[in-house]
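FYI, side chains are in, hydrogens and waters are out, and symmetry mates aren't considered; it's all heavy atoms of this structure.
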Amino acid sequence: MAWVLGLIITDGCINKTINTITLTQKNEDTLRLAAKYMEADYILAPAGKNKATPTLVINSKKIKNDLLALGITSNKSLIVPFPKVPEEYMPSFIRGVIDGDGWVQKKGYVMNITTASQTFAKGLLTVFQNWKLRSEITIEVSSSGNLIYRVWVKGKTYLPLLANILYNDAVEHLESQKKANMLIHSTLNKK
């Protein structure tokens, strides 16, 4: 569920007026796995003019209230906090964040996570620094004038270390290009 929380924070949308959470992802397998972990019926919003990307729709007052209790609200992009995640679940949470808003270089030496929330970016940076990874935040201005924070992990020794932390005890069986790129130089890939 920590992985699902990471996905919801990055690719989720909490409806302000009704008890609906939507999770939008290009990789439909990600949505299927999220639905499985949530023990939810897998109903995918149909693709169309306004729904070109697959979307999982979750109708649950309890889940919406649980997210609100964590500070995850509608219009969260600029203000989402970094949630209190127990240390043993942090790798799963970070995997969800990367599966949502992460980018991993094909050569496997650079990774970044993009967010519009300074608080969330600082939380990510703290986790990476606690894991002794070479990390930093860069700031850009979006076309709408909002600040965009990119949290980076760089280096041919640090990205494989991150991959080992994230995937060493991973139980989910999601195969993605991001995961493959991270594992290129990892010792896990050599097993």
Side-chain angles (χ1 to χ4, degrees), residues 1-86 89-104 111-128 142 144 146-151 166 170-179 182:
M1 290 308 293
W3 176 75
V4 174
L5 178 61
L7 284 174
I8 289 173
I9 284 177
T10 55
D11 285 341
C13 179
I14 292 87
N15 190 294
K16 188 174 186 175
T17 56
I18 60 175
N19 295 317
T20 299
I21 300 101
T22 56
L23 185 57
T24 304
Q25 251 285 329
K26 291 178 186 176
N27 183 345
E28 196 171 322
D29 291 338
T30 302
L31 298 177
R32 284 193 186 98
L33 188 59
K36 176 185 167 190
Y37 286 157
M38 297 177 76
E39 298 178 352
D41 294 330
Y42 180 67
I43 301 171
L44 194 65
K49 265 188 185 176
N50 297 326
K51 293 272 187 196
T53 306
T55 302
L56 175 65
V57 179
I58 305 155
N59 295 307
S60 172
K61 183 177 184 177
K62 181 182 181 339
I63 293 172
K64 181 177 178 182
N65 287 338
D66 289 347
L67 291 169
L68 292 174
L70 292 171
I72 303 164
T73 63
S74 61
N75 300 319
K76 65 180 174 34
S77 296
L78 301 174
I79 59 168
V80 70
F82 192 88
K84 292 180 182 176
V85 176
Y89 301 121
M90 191 60 72
S92 292
F93 174 72
I94 298 296
R95 277 194 309 274
V97 170
I98 291 170
D99 287 340
D101 280 343
W103 170 84
V104 182
M111 183 279 310
N112 79 50
I113 298 164
T114 303
T115 180
S117 168
Q118 182 181 29
T119 304
F120 191 73
K122 286 181 178 180
L124 285 170
L125 183 65
T126 298
V127 168
F128 294 147
S142 72
S144 61
N146 293 320
L147 295 178
I148 302 295
Y149 303 89
R150 294 192 197 280
V151 184
L166 296 182
V171 293
E172 57 262 3
H173 301 285
L174 179 67
E175 295 301 323
S176 70
Q177 192 59 53
K178 293 174 189 178
K179 177 181 175 182
M182 284 189 96

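- Closest heavy-atom contact between Ser92 and Ala2: CB-CB, 4.0 Å.
- Residue Asn75 qualifies as open at atom CG: its count of foreign heavy atoms under 6.0 Å is 12 or below.
- Of the inter-residue distances, the one linking Leu56 atom CG with Ile21 atom CD1 reads 10.0 Å to the nearest 0.5 angstrom.
- Within the 4.5 Å cutoff, the side chain of Thr20 has heavy atoms near those of the Val57 side chain.
- Ala34 and Leu7 get closest at one heavy-atom pair: CB-CD1, 4.3 Å.
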Give the intermediate values and the outcome of side chain to side chain contact (heavy atoms under 4.5 Å, CB included) for residues Val127 and Phe82. CA-CA 10 Å; Val127 168; Phe82 192 88; 3.7 Å; yes
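- Two residues are said to be in side-chain contact when any heavy atoms from C-beta on lie closer than 4.5 Å; Tyr149 and Leu125 fail this criterion.
- For the pair Pro91 and Trp3, the minimum side-chain heavy-atom distance is 4.5 Å or more.
- Of all heavy-atom pairs spanning Arg150 and Thr114, the tightest one is NH1-OG1, 2.6 Å.
- Two residues are said to be in side-chain contact when any heavy atoms from C-beta on lie closer than 4.5 Å; Ile98 and Leu166 meet this criterion.
- We find the CD1-CG distance between Ile8 and Leu23 to be 6.0 Å, quoted to the nearest 0.5 Å.
- Counting heavy atoms from C-beta outward, Lys62 and Asp66 have side chains that approach closer than 4.5 Å.
- With no hydrogens or angles considered, a side-chain donor-acceptor pair links Thr17 and Asn15 at under 3.5 Å.
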Verify side chain to side chain contact (heavy atoms under 4.5 Å, CB included) between Val80 and Thr119, making sure each step is shown before the conclusion. CA-CA 7 Å; Val80 70; Thr119 304; over 6 Å; no
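- The two residues Pro83 and Leu5 have their closest heavy-atom pair at CG-CD2, 4.1 Å.
- At least one side-chain heavy atom of Leu124 sits under 4.5 Å from a side-chain heavy atom of Ile94.
- At least one side-chain heavy atom of Phe120 sits less than 4.5 Å from a side-chain heavy atom of Val97.
- The closest side-chain donor-acceptor pair between Thr24 and Asp11, if any, does not fall under 3.5 angstrom.
- To the nearest 0.5 Å, atoms CD1 (Ile18) and NZ (Lys64) are separated by 7.5 Å.
- A heavy-atom distance below 4.5 Å is found between the side chains of Ile14 and Lys76.
- Of the N and O atoms on the side chains of Ser142 and Ser144, at least one donor lies less than 3.5 Å from an acceptor on the other residue.
- Checked against salt bridge (charged side-chain N to carboxylate O under 4.0 Å, His left out), Lys16 has no partners two or more places apart in sequence or in another chain.
- The distance from the CD1 atom of Ile63 to the CG atom of Asn19 is 10.5 Å, given to the nearest 0.5 Å.
- Here CG of Leu78 is found 5.0 Å from CG of Asn146. Values are rounded to the nearest 0.5 Å.
- Residue Thr55 holds its OG1 atom at 10.0 Å from CD of Glu28, rounded to the nearest 0.5 Å.
- Without hydrogens or angle criteria, Lys178 side chain to Asp99 main chain gives a donor-acceptor distance under 3.5 Å.
- Taking both residues in full, the closest heavy atoms of Ala121 and Thr115 are given as CB-CG2, 3.7 Å, listed atom of the first, atom of the second, then distance.
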